[in-house]
Amino acid sequence: MADWGPVIIAVVLFVLLSPGLLFQIPGNHRVVEFGNMQTSGASIVVHAIIYFGLITIFLIAIGVHIYTG
């Protein structure tokens, strides 16, 4: 049985937390900008920290597992 939980969680979080896709923290002109499709170095760092925190919570603290087979 393969555990697809970490793979699915990582891909979904990566897509949703891509800077500029849904939101960007910090934005170029405001603190939070929505759907501007632009990015900066600071927003990449902030989104990476948010990604690391959420993936740690979902995979280690909660322990999401999706088994196939």
Side-chain angles (χ1 to χ4, degrees):
M1 293 192 316
D3 185 10
W4 285 93
V7 176
I8 293 171
I9 296 294
V11 169
V12 168
L13 285 177
F14 181 80
V15 170
L16 292 178
L17 289 175
S18 296
L21 183 64
L22 295 179
F23 64 94
Q24 179 179 348
I25 302 172
N28 293 330
H29 305 289
R30 299 183 194 149
V31 176
V32 178
E33 292 183 358
F34 295 96
N36 64 358
M37 298 302 289
Q38 297 177 355
T39 189
S40 66
S43 67
I44 291 172
V45 171
V46 170
H47 282 256
I49 292 169
I50 294 170
Y51 176 83
F52 176 74
L54 288 176
I55 203 155
T56 302
I57 290 169
F58 282 121
L59 298 184
I60 296 174
I62 297 175
V64 175
H65 297 287
I66 301 172
Y67 294 106
T68 60

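Residues Glu33 and Asn28 have side chains that never bring a donor and an acceptor to within less than 3.5 angstrom of each other.
Atom CD in Gln38 sits 7.0 Å away from atom NE2 in His29 (nearest 0.5 Å). Taking CG of Leu59 as the reference point, atom CD1 of Ile55 lies at 5.0 Å (rounded to 0.5 Å).
Applying the ring pair (Phe, Tyr, Trp, His ring centres under 6.0 Å) criterion to Phe23, with sequence neighbours excluded, gives His47. A search for side chain to side chain donor-acceptor pair (under 3.5 Å) contacts involving Thr39 returns Ser43, not counting sequence neighbours.
Hydrophobic clustering of Ile, Leu, Val, Met, Phe, Trp and Tyr side chains at less than 4.5 Å, counting indirect connections, unites Ile62 with Trp4. Side-chain heavy atoms closer than 4.5 Å link hydrophobic residues (I, L, V, M, F, W, Y) into clusters, and following such links, possibly through other members, connects Ile8 to Leu54. Grouping the Ile, Leu, Val, Met, Phe, Trp and Tyr side chains by contacts below 4.5 angstrom, directly or via other members, places Ile49 apart from Leu16. With hydrophobic clusters built from ILVMFWY side chains whose heavy atoms lie under 4.5 angstrom apart, Val45 does not share a cluster with Phe14. Residues Ile25 and Ile57 fall within the same hydrophobic cluster, defined by Ile, Leu, Val, Met, Phe, Trp and Tyr side chains chained together at heavy-atom separations under 4.5 Å.
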- request: Begin with the C-alpha distance, continue with both residues' side-chain angles, and end with the deciding distance and a verdict on side-chain contact (heavy atoms from CB on, under 4.5 Å) for Asn36 and Gln24.
  value: CA-CA 8 Å; Asn36 64 358; Gln24 179 179 348; 2.9 Å; yes
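Each ring-ring contact (aromatic ring centres under 6.0 Å, His included) pair with one or both residues in residues 49-69, not counting sequence neighbours, appears once here: His65-Tyr67.
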